[in-house]
Amino acid sequence: MAEQFVGRLSEFVDGSRQIVKVGKAEIGVFRHEGEFFAYSNYCLHQGGPACEGLIIAKVEEHLREDKTSMGLYFSEKDLNFVCPWHGYEYDMKTGECISDRKLKLKRYEVVQKGDDIYVVA
Amino acid sequence: MDLIADRGRRVTVEELNTSKLLAHAAEQARERKYEDMLIVDCDAHHYENENFGEILPYMENDVLRQLTMSGRAKGRHSIVPGQVGYQDMGGRVTRYPLRMTEKTEPGKLRDVQLGERWMDAMGVDYSCLFPTGMLNVGLHPQKEMEVELCWAYNRWLTERVLPENHGRFYTQLALPLSDPDASLRQVETFGGCKGVTGFMVTTVRTLPVHDNALMKVYRAIEERGLSLAFHSGPNWGEPVFRGCNRFISVHALGFSFYNILHCTNWVINGMGERFPKLPVIWIESGLAWVPFLMQRLDHEYMMRPSEAPLLKKKPSDYMRDMFYSTQPMEIQDMEALECTFRMINAETQLMYASDYPHWDFDLPSTIYDLPFLSEKAKHNILGGTAARIFKLPPRNEKQKANLIKYGNYTAG
């Protein structure tokens with residue numbers, strides 16, 4: 001297992017991301033709500049750069065009690081990142097593909113040492 | 001520029017670079033040694049509307065040409081019927097909003113440069129180039145405008161685009177099918193042009209493809225040893241789809257709907273008997289519809305042969321004589337896909353297509369990595385069958401050896 005320097009904590013703005021290479025692995029490292037999340041940058045669909053696309057709230061459809069639709073809303077809590085090739089969406093906090101949560105991107109450990117952030121691969 | 005998502009997140013991208021965007025595709029091409037096998041993409045696209053300034057002057061009729069060019073100058077861009085659509089998924093498929101930021105070199109057509117970038121990244125040797133917006137030309141309310149637009153596009157493509165890319169693009173030219181006489185003239189005029197391997201019916205239309213007036217067009221294509229493609233598309237304006245409230249519904253159904261409609265008429269009216277030497281290709285409808293239609297038509301034909309008296313075998317047998325492009329290949333149920341490949345004789349009748357740069361494109365690995373295909377089937381589907389039909393030569397000695405090995409070498 002190798003540690004790869006990702007960036008300095010003080011410079012890693014919440015909401016931003018870095019793409020790093022560790023050997024043959026390509027990893028997307030996100031900072032979201034103060035936490036770090038690191039996933040394989042290879043989409044489980046056709047191998048696109050899964051971590052390099054849009055970061056966008058999950059879309060929800062809200063129903064009333066009588067089952068009528070209230071329409072579409074952006075989630076207040078769930079954020080996804082989207083593969084730019086075809087639009088596969090992944091849950092920021094789990095790496096699960098939101099269309100089929102059995103599919104998960106490989107997750108990597110992120111280590112903080114002082115002001116330095118490393119990913120372990 | 002910034003791609004703006006919800007909740008203040010912004011993705012800052014300086015510019016789109018197709019080679020960089022497709023870097024993982026290039027990795028796949030290297031790992032799988034695609035350079036050793038001829039790969040033909042039988043359905044790729046460009047955005048011809050970005051070139052209307054060059055295309056429209058080729059229109060023949062002075063009044064119609066002035067009408068369209070004047071309209072452009074004033075910012076009215078509805079030259080070809082448009083549709084409501086969300087192909088970019090709200091910016092999630094980033095190459096749509098970023099498209100105009102991509103830099104190309106001066107002195108060479110932008111569409112050619114962009115095409116060569118994605119072909120090189122994917123490991124594709126040849127691409128059949130089709131338009132995008134012009135796929136709706138069959139919805140144009142003016143028959144004469146459909147004729148003029150097809151004529152102008154076909155002249156521009158054969159005179160400006162195809163000669164610039166050293167034969168790596170080929171095409172099947174759009175027919176103004178609403179006017180059989182004009183269609184015939186375009187076959188006679190462009191059928192012999194370099195890079196023209198056939199003609200294309202834009203299927204977003206409901207006219208009967210078996211109409212007697214069109215027989216001379218198909219005969220002219222067959223006599224020239226060319227092919228006929230049916231390229232599908234979605235249409236939210238089609239009455240049957242007005243009840244759909246989401247683009248996914250219209251898109252999922254629409255592409256298959258139009259090809260199911262036209263394929264049914266083609267088969268039931270015995271076109272396979274009338275034009276047995278005409279290669280017919282059904283493009284961009286996926287594959288799942290084919291076993292469905294085979295079963296539906298066979299089932300009814302057994303009871304009602306009097307309504308299809310030209311047929312000498314079952315409808316599915318005629319469908320197995322025709323060709324299909326792979327994309328967008330429904331791959332969620334591998335056993336169903338394997339059954340589909342068996343039912344259409346994929347080894348000889350299926351041809352790889354990317355549909356790039358559209359949102360649901362497929363890489364060659366979607367075929368190469370299938371666990372149930374023989375080596376011969378992989379070579380045939382990825383390019384061998386297309387090389388045989390479209391008479392495309394190999395680009396290196398290993399490709400030549402593989403074409404010979406699997407019986408697809410015809411362009412020597």
Side-chain angles (χ1 to χ4, degrees), chain A residues 13-19 21 24-28 30-33 40-61 68-90 92 97-100 102-103 105, chain B residues 2-13 16-18 20-29 31-32 86-99 118 121-122 245-248 251 327-329 331-332 354-369:
Chain A
V13 180
D14 202 89
S16 66
R17 90 187 107 197
Q18 300 280 342
I19 307 295
K21 275 204 162 189
K24 286 189 174 179
E26 231 174 69
I27 301 168
F30 299 87
R31 188 173 186 191
H32 170 57
E33 295 177 349
S40 167
N41 191 34
Y42 286 85
C43 183
L44 298 169
H45 174 218
Q46 290 191 30
C51 301
E52 295 183 35
L54 211 61
I55 300 168
I56 189 166
K58 180 187 173 195
V59 173
E60 300 170 340
E61 182 162 8
T68 56
S69 175
M70 297 167 66
L72 303 178
Y73 296 84
F74 280 118
S75 169
E76 293 295 324
K77 60 181 180 66
D78 293 330
L79 197 66
N80 298 332
F81 57 94
V82 188
C83 179
W85 277 9
H86 302 96
Y88 265 47
E89 292 196 32
Y90 294 96
M92 176 66 78
C97 176
I98 67 157
S99 309
D100 180 354
K102 293 191 297 293
L103 302 175
L105 287 173
Chain B
D2 287 347
L3 297 176
I4 301 171
D6 180 54
R7 293 170 30 183
R9 299 299 175 101
R10 280 175 165 72
V11 179
T12 301
V13 183
L16 180 67
N17 180 302
T18 295
K20 190 177 172 194
L21 178 69
L22 295 176
H24 289 188
E27 279 178 28
Q28 292 181 16
E31 288 165 2
R32 291 163 178 76
Y86 306 104
Q87 277 84 351
D88 69 315
M89 297 182 206
R92 290 169 178 81
V93 181
T94 54
R95 60 189 173 280
Y96 283 87
L98 292 174
R99 176 175 178 76
W118 84 64
M122 293 184 192
N245 67 334
R246 303 278 156 80
F247 181 67
I248 182 176
H251 192 275
Q327 185 275 343
M329 196 167 72
I331 203 170
Q332 299 301 319
S354 78
D355 194 40
Y356 200 81
H358 294 168
W359 68 272
D360 52 350
F361 76 94
D362 282 340
L363 288 176
S365 59
T366 55
I367 295 299
Y368 189 93
D369 294 349

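Quick note on labels: first sequence line is chain A, next is B, and so on, each numbered from 1.
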B:Q87 portion near chain A, given a 4.5 angstrom heavy-atom threshold: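 Neither part.
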
In terms of heavy-atom proximity below 4.5 Å to chain B, should [X] be classed as side chain, backbone, both, or neither?
X	result
A:V13	neither
A:Y88	side chain
A:N41	both
A:C43	neither

Residues which pass salt bridge (Lys or Arg N to Asp or Glu O under 4.0 Å) with A:K24, listed by chain and number, not counting sequence neighbours: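 None.
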
Any residue meeting salt bridge (Lys or Arg N to Asp or Glu O under 4.0 Å) with A:K21, in chain and number order, not counting sequence neighbours: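 Per chain and number, A:K21 pairs via salt bridge (Lys or Arg N to Asp or Glu O under 4.0 Å) with A:E26.
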
When A:Q46, A:H45, A:E89 are compared by non-hydrogen pairs under 4.5 Å with chain B, the top option: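 With the most close heavy-atom pairs to chain B, the winner is A:Q46.
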
Other residues, nucleotides, ligands: >12 heavy atoms within 6.0 Å of B:I248 CD1: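 Count not over threshold, so no.
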
N/O donor-acceptor pair under 3.5 Å between B:R32 side chain and B:A29 backbone: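 No; zero donor-acceptor contacts below 3.5 Å.
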
Expected output: side-chain B:Y96 to main-chain B:W359 donor-acceptor under 3.5 Å: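 Here the side-chain-to-backbone pair exists.
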
Ring centroid separation A:W85 to B:F361 under 6.0 Å: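 Yes, ring centres under 6.0 Å apart.
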
Leading residue by heavy atom contact count with chain A [cutoff under 4.5 Å; candidates B:I331, B:T366, B:D362]: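 Winner by heavy-atom pair count: B:D362.
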
